[in-house]
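The structure appears below as structure tokens.
Both ligands and their constituent atoms are indexed starting at 1 by order of listing. Hydrogens, waters and symmetry mates are skipped; everything else that's a heavy atom, side chains included, is used.
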Amino acid sequence: MARLQVLALTRRYAGRAVLDHVSFEVGDGELMVILGPSGSGKTTMLRLIAGLEPPDEGQILLDGQDITAVPPHRRRIGMMFQEYALFPHFNVFENVAFGLRMQQLPEPEIRARVRTLLEQVGLPGYERRDVHTLSGGEKQRVALARSLAPRPAVLLLDEPLGSLDRALREQLMGEIRALLKAERMTALYVTHDQAEAMAIADRVLILHQGRIEQIATPEDLYRDPATPFVARFLDVGTLLEGCILAEGDPAEVETPVGRLWGFHRGAIRVGMRAWVLIPHLIRGASYHEDEKPSGPVNVLDGEVLERGFRGLHVELRVRVAGGVLRQLLSPANPWIRPGQSIRMHIPADAVRIWPVDTEGARSSG
Ligand code: ADP
């Protein structure tokens, strides 16, 4: 339990910044996920925070204290990796007890702590088991117990479920989150899997080419992506390239699917090229002539190409002039079928506009 602050952290390899002045804070007991494509700098970030390599610039603070120059074993930071980094010649007990022995705790205390942790990770009575007799999921549960045993102030997890199959991952995701929350552990969890990030995080930090694109709760990322990269990476909607026709909020923009009204992020001017996002799932969208929503609205006529059942949603592919949109809507629209002409009313406040030159620019908050 602690507060972790990262200030202007920078790491260069051969002159190229793989982390570029990254600043953020993980609150006491918060579970933050770092999500980004391969090569975005996620592992490097964890290695710097763990002290496995030094930053070129910047600082790392734990509860306000600068630990940038503190050696790894004195940082009170635990790590858990994707590979089963268990000691193969130790049994389960000795693996979990490892950090406790380093702390030279009395034997009865070690035994009690190991027993409690094995119960917490769903492996009661596994003390004497050899590591090579465990399944992949059991190994990662032992690895989690081992990393929590010495009560680190912060736990770093690097793709801890990366080598497990989908069903097991989904189960363990829930278990890891529940355990970290029960321990009120401050944790930083790295993954490249969007669904895993959304399921486990209190907040998600989206990393791209060594910079922060956005830090937000999972719901806010989908409701209000800060950049075109975030919108594309999370597949929030259809991104169109357009040109600004009128400034203001809403602004008007010419796109391949027609003129649209939308709200902009970043400074725009008439004539500027812009990215325009039409979300797949639009609150307040209507597909009936007689249900026109209030406020400024975009009207798009199209033809339904496909209707797919997705459980809680129905997914439509709709051909409109100049493109195809994917729309998710409630299954309570049984009349919308392939071949059907529909008129979509899309509120302007669902549409996002970014100047194209901010494609590389980031904001956080
Ligand atoms: P991620 O974990 O997001 O996949 P990494 O932090 O592993 O990304 O790597 C970020 C970038 O830094 C990549 O382009 C990678 O090739 C480069 N990189 C990582 N470690 C080294 C190193 N020791 N020497 C040179 N380049 C490195």
Side-chain angles (χ1 to χ4, degrees), residues 4-26 30-60 67-69 71-72 75 77-85 140 143-144 147 154-164 166 169 172-173 176 180 186-216 218 221 225-235 359-364:
L4 176 71
Q5 286 165 286
V6 166
L7 302 174
L9 207 61
T10 299
R11 178 68 174 151
R12 299 186 192 87
Y13 292 121
R16 187 175 69 95
V18 300
L19 283 179
D20 193 0
H21 297 89
V22 172
S23 300
F24 65 95
E25 181 175 325
V26 189
E30 187 180 20
L31 172 44
M32 186 180 279
V33 169
I34 303 182
L35 174 66
S38 180
S40 55
K42 304 183 295 296
T43 295
T44 303
M45 180 104 79
L46 290 198
R47 290 178 58 78
L48 296 183
I49 294 170
L52 303 178
E53 56 185 291
D56 291 297
E57 287 174 47
Q59 284 174 302
I60 300 155
I67 59 162
T68 318
R75 284 190 181 199
I77 290 182
M79 273 199 100
M80 178 180 170
F81 301 95
Q82 171 176 346
E83 318 84 62
Y84 313 118
Q140 285 308 70
L144 180 63
S147 60
V154 174
L155 184 64
L156 309 178
L157 304 99
D158 193 359
E159 304 259 10
L161 307 179
S163 48
L164 306 178
R166 169 60 63 190
R169 278 165 75 161
L172 271 175
M173 262 179 230
I176 290 181
L180 294 177
T186 305
L188 202 48
Y189 183 114
V190 158
T191 181
H192 67 275
D193 182 306
Q194 288 89 340
E196 186 176 330
M198 301 308 151
I200 209 161
D202 292 323
R203 286 191 301 159
V204 180
L205 182 163
I206 307 244
L207 196 65
H208 175 44
Q209 295 179 348
R211 296 188 192 195
I212 296 175
E213 293 274 340
Q214 188 170 9
I215 302 177
L221 287 174
T227 67
F229 175 84
V230 174
R232 196 180 292 121
F233 187 60
L234 299 181
D235 190 25
E359 167 71 12
R362 279 87 178 169
S363 64
S364 60

### Message
So if I only count non-hydrogen atoms and take anything under 4.0 Å from ligand 1, which residues does that give, chain by chain?
### Response
Tyr13, Arg16, Val18, Pro37, Ser38, Gly39, Ser40, Gly41, Lys42, Thr43, Thr44
### Message
Using the rule side-chain contact (heavy atoms from CB on, under 4.5 Å), only one of Asp202, Leu155, Val26 pairs with Leu31; which is it?
### Response
Asp202
### Summary
Contacts of Phe24 meeting ring pair (Phe, Tyr, Trp, His ring centres under 6.0 Å) (sequence neighbours excluded), chain-then-number -> none
### Query
Taking C-beta and beyond as the side chain, do Met198 and Leu234 meet within less than 4.5 Å on heavy atoms?
yes
### Task
Run through Met45, Glu213, Gln214 and flag the one making a side-chain contact (heavy atoms from CB on, under 4.5 Å) with Leu207.
Met45
### Task
Say whether, by atom type as modelled, one donor and one acceptor occur between the side chain of Lys42 and the main chain of Pro37 under 3.5 angstrom.
yes
### Task
Might you point out which heavy atoms bring His192 and Phe233 nearest each other, and give the distance in Å?
O-CZ, 4.4 Å
